[in-house]
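Whatever order the structure lists ligands and atoms in, that order sets their numbers, starting from 1. Since the model is a prediction, treat every value here as computed from it, not as a measurement.
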Amino acid sequence: MNCGTCGREAVTFIRYNGTYLCGEHFSRYVEKRVHREVRRQGLRLGVVAVALSGGKDSLACLYLMHDIVSPHRDKELHAITVDEGIAGYRPHSLAVARKHCRLLNIPHHVISFQEEMGLTLDDISQMRGQLGECTYCGVFRRQCLNAKAKEIGARTLVVGHNLDDVAQSILMNFVNNDLERMARMAPHAHVQPGLIPRLVPLRGIPEKEVTLYALLRGLEVLEDECPYAVRAARGAYRGILARLEDSNPGTRHSLLNSYLALEPCLQDLFPPARLQPCRSCGKPSSQDQCRVCQLLEHLC
Ligand code: SF4
Ligand SMILES: [Zn+2]
Ligand SMILES: [Zn+2]
């Protein structure tokens, strides 16, 4: 089939809007939506930090943000990688992250669970009890990213969550009756003291489109999967959404749009929490003790 815009050979068919696109027009289609999303979410001046795992989403996000930030003298792009301490998995993606920061001449900062929490995710896996590794990983990674972003003076933290990730989170929050967590989803319009607001410029781009974009841009698309992903609760939602999208193209966009329509009500229902210093570590927390310290105590 041929590209609906220029007539050249198409590389993809976008099922949810029925268009065929060549490589060039597909890339432009992705870039246009990401630029629009960044404008809508608002990019602050100063240091913009990208959370860079080295996977395809974060790499594509780094390159797209580089295109957006580099023409501006009042903004500076950095990258932060969290090393969770997962042998046989993280070292490879960390090397890829380093390589691309060197190529783009972007300052690259690495922070590890070992240095921040005193133990690796592999250690946690041995001690975890009922809770899955992802529970620890998600909470600890957020803290590491925030700590490093603060340290380097970043005013925005960009994360490469794609449409599939965001639609899964929305569905999970509904199923778990956790509207408060849904109200806290990025992007954050309200700046909380001590917390760096997050941007999610890829939230409207399906995972397959991010993969194709990364391939067309010559980026590595790593096949490695985290050894702990098998226990991730998210896996079930990924399957459900994939089946729904297959039988009803546009499902993920509909979920995102429903969430966006509800967002003002969610913000009214759950206004930003008043933060206080955690009684154990002193970091900003909405509770007497932060989630990181609660989980660390759970491990002992
Ligand atoms: S799958 Fe779970 S444990 Fe592995 S990197 Fe992702 S959140 Fe962490
Ligand atoms: Zn074309
Ligand atoms: Zn704490």
Side-chain angles (χ1 to χ4, degrees), residues 1-14 19-32 51-58 81-94 97 112-113 116-128 131-147 159-162 164-165 168-169 172 194-195 207 212 216 222-238 275-300:
M1 294 302 285
N2 297 331
C3 173
T5 308
C6 70
R8 275 182 290 178
E9 195 182 345
V11 296
T12 188
F13 173 60
I14 312 285
T19 51
Y20 287 90
L21 291 171
C22 68
E24 186 188 330
H25 286 112
F26 169 75
S27 294
R28 279 204 212 152
Y29 171 63
V30 170
E31 286 158 3
K32 214 166 115 185
L52 181 67
S53 68
K56 61 175 190 323
D57 299 308
S58 65
T81 302
V82 178
D83 180 359
E84 303 91 344
I86 308 174
Y89 171 67
R90 183 53 73 214
H92 186 197
S93 50
L94 186 55
S112 69
F113 281 9
E116 269 293 292
M117 282 86 192
L119 70 187
T120 65
L121 196 62
D122 288 340
D123 297 331
I124 293 168
S125 179
Q126 303 294 315
M127 313 154 67
R128 71 189 162 86
L131 296 174
E133 288 88 353
C134 298
T135 303
Y136 292 93
C137 189
V139 172
F140 291 2
R141 190 185 319 116
R142 245 192 320 277
Q143 164 137 327
C144 285
L145 284 169
N146 196 67
V159 290
H161 296 159
N162 60 47
D164 295 55
D165 300 325
Q168 287 155 19
S169 298
M172 277 170 78
L195 298 181
E207 182 174 0
L212 179 58
L216 290 169
L222 300 179
E223 300 292 341
D224 327 4
E225 196 180 22
C226 170
Y228 304 125
V230 282
R231 277 190 284 277
R234 195 169 267 280
Y237 294 89
R238 179 173 294 126
L275 301 181
Q276 53 185 314
C278 162
R279 68 171 149 82
S280 307
C281 70
K283 297 214 167 76
S285 168
S286 57
Q287 300 165 29
D288 168 52
Q289 190 183 37
C290 76
R291 191 79 183 112
V292 170
C293 291
Q294 287 175 19
L295 285 172
L296 284 172
E297 276 187 11
H298 189 82
L299 281 174
C300 299

### Message
Counting only heavy atoms from other residues, nucleotides and ligands, does the tally under 6.0 Å from CD of Q276 exceed 12?
### Response
yes

### Message
Can you classify the ring geometry of F140 versus Y136 as parallel (below 30°), tilted (30 to 60°) or perpendicular (above 60°)?
### Response
perpendicular

### Summary
By side-chain contact (heavy atoms from CB on, under 4.5 Å), P91 pairs with (sequence neighbours left out) none

### Query
If waters are left out, how many protein N/O/S atoms lie within less than 2.8 Å of atom 8 (Fe) of ligand 1?
1

### Task
Spell out, as yes or no, whether a donor-acceptor pair under 3.5 Å connects the side chain of D122 to the backbone of A87.
yes

### Message
For the backbone of D164 and the side chain of R238, can you confirm whether one donor and one acceptor N or O come within less than 3.5 Å of each other?
### Response
no

### Task
Answer yes or no: is there a donor N or O on one side and an acceptor on the other, between the side chain of E84 and the main chain of F113, under 3.5 Å?
no

